[in-house]
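Model, not experiment: these values are computed from the prediction. Hydrogens, waters and symmetry mates play no part in the numbers below; they use all other heavy atoms, side chains included.
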Amino acid sequence: MTKKIRTRFAPSPTGPLHMGGVRTALFNFLFARKHGGDFLLRIEDTDQNRYVPGAEAYIIEALTWCGITIDEGVSVNGPFAPYRQSERKELGIYKEYAEKLVKNGHAYYAFDTPVELENMRNRLINAGNVAPQYNASSRVNMVNSLTLSAEEVTSKLNAGDSYVIRLKVPSGEDIAFTDIIRGEVIVNSSQVDDKVLLKSDGMPTYHLAHIVDDVLMEITHAIRGEEWLPSAPAHILIYRYLGLEKEMPQYAHLPLLLKPDGNGKLSKRDGDRLGFPVFPLNWTDPATGELSSGYRERGYYPEAFVNMLALLGWNPGTEQELFTMEELISQFSFEHVHKGGARFDPEKAKWFNEQYLRKQPDEQLALRLKGAVQNELGYEKSDRRLSESFLVHVIQLLKERVQFETEVLEKGRYLFETPASYDQATLDKKWKPAYQPFFESLTTAIKSNADHTATGLDVLIKSTATAHQLKAGEIMQLLRVFISGQSMGVDLLGMMSLLGKEEVVLRLNNAVQMINDK
RNA sequence: GGCCCGUUCGUCUAGGGGUCUAGGACAUCUCCCUUUCACGGAGGAAACACGGGUUCGAUUCCCGUACGGGCUACCA
């Protein structure tokens with residue numbers, strides 16, 4: 001009988017969810033869905049000092065925005081509730097497991113004060129040890145249930161002395177485990193310190209908590225970031241000492257997301273520095289009021305964001321680049337997850353958005369554009385520029401020239417507003433007084449012409465040009481500037497047709513007026 | 001420093017002993033399309049970190065070196 005696949009994303013609510021965290025959640029989700037399993041969200045709030053209000057809600061909102069649906073967890077509950085470790089602590093489960101380890105001789109009470117720990121480290125450093133550890137060799141000099149008599153320990157415990165429970169890691173023992181992505185990993189236990197399992201405030205550390213919960217929640221695959229690889233051997237040991245090796249999930253350590261430039265992993269600072277979001281959603285730090293921008297507010301489609309993220313460290317083994325969530329689910333596999341870290345490229349992220357923008361139906365883009373136009377330009381409801389036909393036409397003119405919906409109005413402002421100024425460089429370069437009669441008769445011609453379609457205008461402009469012994473090429477650029485104020489932009493004829501006869505005539509008159517005034 | 005993990009175009013990556021004259025995408029360059037700018041089309045430049053093995057043959061396997069990353073807390 002094969003167990004039902006169950007994965008979990010278990011973030012710590014210490015701030016907004018980093019895009020690397022979203023990717024970890026995504027891979028957990030994809031793997032679970034692919035195998036018809038469950039995906040859980042567990043909140044690992046065991047560090048009360050780092051707890052940030054609002055972070056948990058942010059995480060849930062971010063995952064929801066991404067389309068990463070949760071089967072069980074803080075937001076939806078489930079058979080293994082509660083899903084918040086601070087609440088699970090009340091169940092006494094962590095202490096129970098920690099004490100079980102003490103009883104079977106694989107963990108011990110340690111009463112050392114912070115000062116004593118500090119002294120120990122300094123002693124070791126002075127002795128030439130670069131990385132001082134609380135381990136098999138140093139613990140013999142410390143205040144713990146291994147060095148104290150049973151009576152002393154009991155009396156300290158009864159007196160309510162502060163203590164932690166540490167894992168008793170043996171020395172010189174090879175610990176091997178199989179990582180789904182990396183294969184066999186072997187570490188000598190001498191490299192592992194006696195990790196704190198239960199803190200003096202009664203809270204478990206991550207090391208103990210994730211194991212207890214993974215077992216209790218019947219997690220089959222623990223998929224997490226590479227930063228956990230060095231402590232994985234300690235986790236293996238805990239499972240072993242708990243007699244739970246058969247229940248141990250398979251571990252998969254994902255490669256990290258690296259900075260677009262320079263060295264190191266992607267951090268919040270890179271976003272500020274290079275001008276791209278590092279977080280899925282906007283986040284305002286409750287303590288400092290500082291705002292970190294999110295992909296959502298930048299105008300990214302969640303589908304584009306997720307697609308981009310999926311391809312950072314994973315590939316389908318084919319040349320396909322655009323995936324729906326369904327396709328990601330059906331094609332995801334650890335065999336195609338990279339081992340090396342992936343440098344994040346903000347340019348490619350934009351490209352993904354552009355691809356998704358083009359897939360949007362014109363009518364929907366127009367509808368959303370309407371909201372933006374109303375907001376910014378505040379037209380009357382009956383204004384022609386708010387009509388669906390006008391807006392859809394705007395979209396058609398601009399759709400393939402932008403990467404974000406917000407750019408439509410930004411780049412196409414002149415489709416809504418009569419220009420207040422004209423591109424001087426083009427005027428200087430192209431304008432000749434001799435052209436004036438042409439523009440005047442073109443204005444008249446347009447005014448009296450019934451056919452205001454792009455092709456109709458094309459014919460009209462060309463014939464008027466011919467009548468003035470001009471070639472179309474000579475005046476087109478000027479016409480563009482007169483109509484839009486700018487030297488470049490959307491298709492000129494399409495733009496004139498969209499604007500309508502009245503507006504075109506108005507703009508042409510304004511332009512000629514402007515020339516005369518100079 | 002120690003330990004662990006990694007290393008194919010600038011970037012994300014395909015490829016897992018002969019098919020590699022190393023494929024795709026982003027970015028970049030050139031040309032075409034075009035009234036402009038884009039889009040689109042065509043093309044170009046661009047990579048197996050290095051040194052040893054193993055092998056008839058290594059981008060692919062092994063070992064070193066270099067480089068990069070992570071970890072080295074009563075944080076996760």
Side-chain angles (χ1 to χ4, degrees), chain A residues 10-14 21 44-47 49-50 110 112-114 117 121 128-134 162-166 179 181-183 185-188 190-193 195-207 209-210 224-233 253 255-256 258-261 263-265 308 311-322 336 338-352 354 358 397-402 411 423 426 430 458 461 471-481 484 486-493:
Chain A
S12 187
T14 55
E44 311 222 326
D45 55 347
T46 54
D47 186 352
N49 301 318
R50 293 208 307 158
D112 315 276
T113 64
L117 288 171
R121 291 199 181 96
N129 193 329
V130 203
Q133 284 191 325
Y134 202 120
S162 183
Y163 71 92
V164 299
I165 292 181
R166 283 181 184 271
D179 182 279
I181 295 168
R182 287 148 212 283
V185 176
I186 304 171
V187 181
N188 193 277
S190 306
Q191 300 303 323
V192 182
D193 66 339
K195 298 214 176 301
V196 170
L197 264 19
L198 200 72
K199 300 187 265 192
S200 55
D201 63 1
M203 277 286 191
T205 58
Y206 169 82
H207 306 293
H210 94 274
R224 57 181 13 178
E226 192 184 0
E227 69 270 24
W228 291 109
L229 200 49
S231 53
H253 291 94
L256 265 18
L258 273 21
K259 290 182 196 302
D261 63 344
N263 302 148
K265 62 176 173 179
M308 178 273 292
L311 257 15
L312 245 28
W314 171 81
N315 72 80
T318 65
E319 282 172 0
Q320 183 178 353
E321 295 210 87
L322 265 17
H336 283 114
H338 245 242
K339 296 186 180 85
R343 208 178 268 280
F344 172 65
D345 179 6
E347 286 307 313
K348 189 114 188 201
K350 289 183 196 162
W351 177 80
F352 275 107
E354 181 185 321
R358 292 187 185 182
L397 287 170
L398 279 152
K399 196 175 187 178
E400 302 207 319
R401 320 173 67 89
V402 297
K411 289 196 171 175
D423 183 74
T426 307
K430 302 267 184 176
D458 191 29
I461 292 165
K471 273 187 272 183
E474 293 181 73
I475 44 77
M476 288 308 253
Q477 193 64 15
L478 280 165
L479 182 56
R480 168 180 294 284
V481 173
S484 73
Q486 302 184 6
S487 62
M488 54 191 179
V490 302
D491 174 64
L492 177 57
L493 270 4

Check whether the side chain of A:Lys348 and the base of B:rA27 form a donor-acceptor pair under 3.5 Å.
no
Indicate whether OP1 or OP2 belonging to B:rU36 is found under 4.0 Å from a side-chain N or O atom of A:Thr426.
no
Look at A:Asn263 and B:rG69 and indicate whether a side-chain polar atom (N or O) is within less than 4.0 Å of OP1 or OP2.
yes
Need one value for A:Ala342: base, sugar-phosphate or nothing, where a base atom within 4.0 Å counts as base even if backbone is also close, heavy atoms only.
sugar-phosphate
No-H, no-angle donor-acceptor pair, A:Arg480 side chain to B:rU36 base, under 3.5 Å
yes
Would you indicate what A:Leu312 reaches in the nucleic acid, counting non-hydrogen atoms under 4.0 angstrom: base, sugar-phosphate, or nothing?
sugar-phosphate
Hey, what are the protein-to-nucleotides 15-22 of chain B N/O distances that come in under 3.5 Å?
| unit_1 | atom_1 | unit_2 | atom_2 | d |
| --- | --- | --- | --- | --- |
| B:rG15 | OP1 | A:His336 | NE2 | 3.4 |

Roughly how far apart, to the nearest Å, are B:rA49 and B:rC67 at atom P?
16 Å
Opposite nucleotide pairing with B:rC3, Watson-Crick or G-U, both atom distances under 3.5 Å
B:rG70
What's the gap between B:rA58 and B:rG17 when it is taken at their P atoms, as a whole Å value?
15 Å
I'd like to know if the side chain of A:Arg343 and the backbone of A:Leu258 have a donor-acceptor N/O pair within less than 3.5 Å.
no
Just to be sure I understand the rule, does A:Lys265 reach a base, reach only the sugar-phosphate, or reach nothing, if contact means heavy atoms closer than 4.0 Å?
sugar-phosphate
Neighbour count above 12 (heavy atom, 6.0 Å) for A:Lys339 NZ
no
Whole-angstrom distance between B:rU8 and B:rC48, as gauged at atom P
11 Å
OP1 or OP2 of B:rA14 less than 4.0 angstrom from a side-chain nitrogen or oxygen of A:His338, does that happen here?
yes
Donor-acceptor pair under 3.5 Å: do we get one between A:Ser200's side chain and the base of B:rC74?
yes
Under 4.0 Å between any heavy atoms, over every strand shown, what does A:Arg50 touch: base, sugar-phosphate, or nothing? Just pick one.
base
Who does B:rA38 pair with, Watson-Crick or G-U, both distances under 3.5 Å?
none
For B:rC39, does either OP1 or OP2 sit under 4.0 Å from a side-chain N or O belonging to A:Arg358?
no
Between B:rG10, B:rC74, B:rA76, spot the one nearest the side chain of A:Arg121, thanks.
B:rC74
Evaluate the ring planes of A:Tyr206 and A:Trp228, with Trp represented by its six-membered ring, and classify them as parallel (under 30°), tilted (30 to 60°) or perpendicular (over 60°).
parallel
